[in-house]
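Below, read A as the first sequence line, B as the second, and so on, with proteins coming before strands; counting in each chain starts at 1. Computed from a prediction, not measured in an experiment: that's the story for all the values here.
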Number of protein chains: 2
Amino acid sequence: MSQAYDVYNDRCPTRMVLDRIADKWAVLILDRLQDGPVRFNHLRRDIHGISQKVLSQTLKKIERDGLVSRTVYATVPVTVEYALTPLGRTLTETVRTLAHWAEKNMDAVLAAQQAYDAATAPPR
Amino acid sequence: MSQAYDVYNDRCPTRMVLDRIADKWAVLILDRLQDGPVRFNHLRRDIHGISQKVLSQTLKKIERDGLVSRTVYATVPVTVEYALTPLGRTLTETVRTLAHWAEKNMDAVLAAQQAYDAATAPPR
DNA sequence: CTGGATCCCAGCCGATACTG
DNA sequence: CAGTATCGGCTGGGATCCAG
């Protein structure tokens, strides 16, 4: 990884970014925005399992990071669109390689889990 | 991303893997193991801020996923070495691209945050 | 429609003590 | 050395109600 920073210590940029990447909901939102701007409630519906509170918080966080933009339209009622910024787009492209890994190695992980459980769980 | 799976719904492999990647400590451990096997207390010392409990839990989790192997040596006192499995190694290589993104775009994120804070926080 | 404000509980995580 | 066990505090996040 990087020799320049001490990844295992605090105050390391990689660790900082890791804290953001490590947000499952943020990644899911970023991914959902890849095909264009989406409105708040639309995100809420699409991303199954996210609460309105967490959605709101997460959006604010990634907006602060400059990963998404927030555009308000003075319609009645008001409309708000969230969209990927160029910076956000570079991140989703990077994250996509993770998704590829996931799909490719899912079976191996599942198999490992079953083997592990079979070897440890059987108190009988 | 993947058309075959609904990333935004539960029971999706990508989402499953995301739960693991989203574990900051797991990623840090995996990364630390890249240069070869490491013993428990050594990991504990190197990864600043992790508690023994969380280290133990996380190791067990990623061992179950088949990402690391656990080898016990019958020395006195006992020695345990954790090492990356081939599967784990492919994952760290993928994650490394994330680290590259982090280092490359850290400044942009930092700047975005400051701009955001300056635009929203200054009630004065 | 887009959130903010509250209440509240489950789970997480640190600290500590103990075992093989 | 390498953990497990237990307790307890803190907070993240769900549910609900309300506002612009």
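Residues satisfying the side-chain hydrogen bond (donor to acceptor under 3.5 Å, both in side chains) criterion with A:S51, sequence neighbours excluded, are absent altogether.
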Practice prompt. For the pair B:Q34 and B:D31, evaluate side chain to side chain donor-acceptor pair (under 3.5 Å) and give the outcome as yes or no after the intermediate values.
Written response: CA-CA 5 Å; B:Q34 276 186 122; B:D31 179 70; 2.8 Å; yes
Item to complete: Would you sort out whether B:L87 and A:W101 count as a side-chain contact (heavy atoms from CB on, under 4.5 Å), showing the intermediate values?
Response: CA-CA 10 Å; B:L87 182 62; A:W101 186 93; 3.9 Å; yes
Worksheet item: For A:R32 and A:H42, what are the C-alpha separation, side-chain angles and deciding distance, and is it a side-chain contact (heavy atoms from CB on, under 4.5 Å)?
Response: CA-CA 10 Å; A:R32 179 61 188 83; A:H42 205 309; 3.7 Å; yes
Item to complete: Evaluate side-chain contact (heavy atoms from CB on, under 4.5 Å) for B:V27 paired with B:W25, printing each intermediate quantity in order.
Response: CA-CA 5 Å; B:V27 175; B:W25 295 125; over 6 Å; no
Item to complete: Could you encode protein contacts along nucleotides 5-20 of chain D as a string, one character per nucleotide from 5' to 3', using B for base contact, S for sugar-phosphate-only contact and - for no contact, with a heavy-atom cut-off of under 4.0 Å?
Response: -BB-----BBB----B
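The shortest distance between the side-chain N/O atoms of B:K60 and the OP1/OP2 oxygens of D:dT4 is below 4.0 Å.
The closest donor-acceptor contact from the side chain of B:S56 to the backbone of B:Q52 lies at 3.5 Å or more, if one exists at all.
Hydrophobic clustering (ILVMFWY, side-chain heavy atoms < 4.5 Å, transitive): B:V72 and B:I62 are in one cluster.
Taking atom CZ of B:R45 as the reference point, atom P of D:dG3 lies 14 Å away to the nearest angstrom.
Contacts between chain A and DNA chain C, taken as any atom within less than 4.0 angstrom of a protein heavy atom, begin and end at C:dC1 to C:dC7.
Counting any heavy atom pair closer than 4.0 Å across all strands shown, B:Y82 reaches sugar-phosphate atoms only and no base atom.
Rounded to the nearest 0.5 angstrom, B:Q113 CD and B:D117 CG are separated by 7.0 Å.
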